[in-house]
Protein chains: 2
Amino acid sequence: MSDMTSNADAPRSPGRPRSVRADEAIVEAALDLLAEGSTIEALSIEAIAARAGVGKATIYRRWAGKEALLLDALRRLKGVMAQPEGHSVRDDLILLVGAIGRNVDPRASKIMPCLVPEVNRSPDHFRLYQNIIAPRRQLMREVLRRGIDEGLIRADIDLEVTMALLTGPMLIQRVLRWNPELDEQTLPEQVVDTVLAGIQAR
Amino acid sequence: MSDMTSNADAPRSPGRPRSVRADEAIVEAALDLLAEGSTIEALSIEAIAARAGVGKATIYRRWAGKEALLLDALRRLKGVMAQPEGHSVRDDLILLVGAIGRNVDPRASKIMPCLVPEVNRSPDHFRLYQNIIAPRRQLMREVLRRGIDEGLIRADIDLEVTMALLTGPMLIQRVLRWNPELDEQTLPEQVVDTVLAGIQAR
DNA sequence: CATTAACGATACGGGACGGTTTCGTATCGA
DNA sequence: TCGATACGAAACCGTCCCGTATCGTTAATG
């Protein structure tokens, strides 16, 4: 958010208040257009305004430009994280791996690939991306540590490398359709089992 | 190529022949601009023409538009593949994994991320991408088969999943800088060793 | 009811591009 | 030498977009 209406204890400014519906509609319109295949920079303020049923001025009243609006919209997209049950390390890992690129919001999986170039270009987007995935990495890290504590996993493994091993295959398949012959349904289980076999305590 | 000058046995058309220098310069200019951070659709024919020291008409004489030109330019980018030595399966795998996203042309690694959205949008780009990586997958597949023949690797593993396990971590790190704490130098060795430990014959 | 500010709609100037055409020039084969 | 063709440069037009300004209208406060 880049404006003032957010202060809850504001001394109630006079005049007509900003429409919360408009806020929602604008963000939703932007995400919808992206999910429908529009590129980030093919996306225009005009198109967003038209889709949201809103005047352009209403958008410029809230955000400085396309960049600020998108950063804001993407923040709301991330959705909720999968929560591992804590019973079996293997099951928890399969759950986490299967959740990669599977956000609650179905638009997310279509939008993500569009952001790859941005992540490399803009430090802001890079930070945003890291902020989104950092808690998920932390979740996986904790499950792996639990596996070590339980004696299932060797204690001398490199946690970060292991997480990359679990995440990488799923990510390239979901984002890039890297290998058309791979089955996304069974991939999480296959990945987890193979990696576990490589890092299990003997 | 989308025109006629390419026929080697052509009955030598009259008039001034097309400049090979211009061909080169146009393609190089397009790749340079992409590598410098321009987005695919921020890239304009005008910019390419200016950079190549060429008139726009010269470009339109050869290609139907930006799309055709880019497809053509990317085809020339792929560079040569790493060739495994054939001595040690482990060393060969490390070489192949280390070569992911490391093309001869240094521009390739900067351009690749820009193509991710395109791969999802355009069947042409998807095919192009698959054509580029298919031979590399085949190379890795053969090394893994050798490992099976030598009795190093279990015979019942899923080759495609194994390749995804080897490729994924390296790819997300090189393309996405997925985890800033990972060391790209040592990653190939760590990945190969962990995966090998998971699929080795016992 | 008066005030105040946000609303949707619309118009505007400025700029970027795409694609085409027209220059005068350069380079080939005949 | 001559005709044919490609060349780089420039001009042109139509389209799209941005960012701002200005309508009359609407919704809250007091």
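Predicted model, so just to flag it, every value in this text is computed and none were measured. A, B, ... follow the sequence lines: proteins, then strands. Residue 1 opens every chain.
Looking only at side-chain heavy atoms (C-beta outward), A:Lys66 and A:Glu41 come within less than 4.5 Å of each other. In this structure the side chain of B:Ile153 reaches within 4.5 angstrom of the side chain of B:Leu196, judged on heavy atoms. With a 4.5 Å cut-off on side-chain heavy atoms, A:Cys114 and A:Thr39 do not count as touching.
Each of B:Ala47 and A:Val20 lies near DNA chain C, and the nucleotide nearest A:Val20 is the one positioned closer to the 5' end. Between B:Lys66 and B:Ala57, the one whose closest nucleotide on DNA chain C sits nearer the 5' end is B:Lys66.
To the nearest 0.5 Å, atoms CG (B:Leu166) and CE (B:Met163) are separated by 9.0 Å.
Side-chain atoms of A:Ser44 lie closest to D:dC17 of the nucleotides C:dG18, D:dA28, D:dC17. Which of D:dC7, D:dG8, D:dA11 sits closest to the side chain of B:Lys56 comes down to D:dA11. Among the nucleotides D:dC7, C:dC7, C:dG18, the one closest to any side-chain atom of A:Arg18 is C:dC7. Considering only side-chain atoms of B:Glu46, the nucleotide from D:dC18, C:dG18, C:dC7 that sits closest is C:dG18. Residue A:Arg16 places its side chain closer to D:dT25 than to any other of D:dC7, D:dT25, D:dA9. If you check D:dG8, D:dA28, C:dG8 against the side chain of B:Ala22, the one that comes closest is D:dG8. When distances are taken from the side chain of A:Thr58 to each of C:dT20, C:dC7, D:dG8, the shortest belongs to C:dC7.
Summarising the geometry, the separation between CZ on B:Arg62 and P on C:dT20 is reported as 16 Å, rounded to the nearest angstrom. When rounded to the nearest whole Å, the span between CZ of B:Arg61 and C1' of C:dT22 equals 12 Å. With rounding to whole Å, A:Ile48 atom CD1 is found 15 Å from C:dG8 atom P. Distance B:Glu41 CD to D:dC17 P: 12 Å, rounded to the nearest Å. Protein atom CD1 of B:Ile45 is 20 Å distant from nucleotide atom P of D:dT15, rounded to whole Å. Whole-Å rounding puts the A:Ile59 CD1 to C:dC7 P distance at 11 Å. Taking atom OH of A:Tyr60 as the reference point, atom P of C:dT10 lies 18 Å away to the nearest angstrom. The interatomic distance linking A:Arg21 (CZ) with C:dG8 (C1') rounds to 14 Å, in whole Å.
The closest side-chain donor-acceptor pair between B:Gln190 and B:Thr186 falls under 3.5 angstrom.
When each of A:Gln130, A:Glu160, A:Glu142 is tested with A:Arg137 by the rule side chain to side chain donor-acceptor pair (under 3.5 Å), just one qualifies, namely A:Gln130.
Residue B:Gly65 is out of contact with every strand shown, counting any heavy-atom pair closer than 4.0 Å.
For B:Arg62 and B:Asp72, the salt-bridge test fails: no basic side-chain N is under 4.0 Å from an acidic carboxylate O.
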Verdict with supporting geometry, B:Val175 and A:Leu176, side-chain contact (heavy atoms from CB on, under 4.5 Å)
CA-CA 11 Å; B:Val175 169; A:Leu176 226 36; over 6 Å; no
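Taking five base pairs at each end of the helix from C:dC1-D:dG30 to C:dA30-D:dT1, the local helix axes there meet at an angle of 20°, rounded to 10°.
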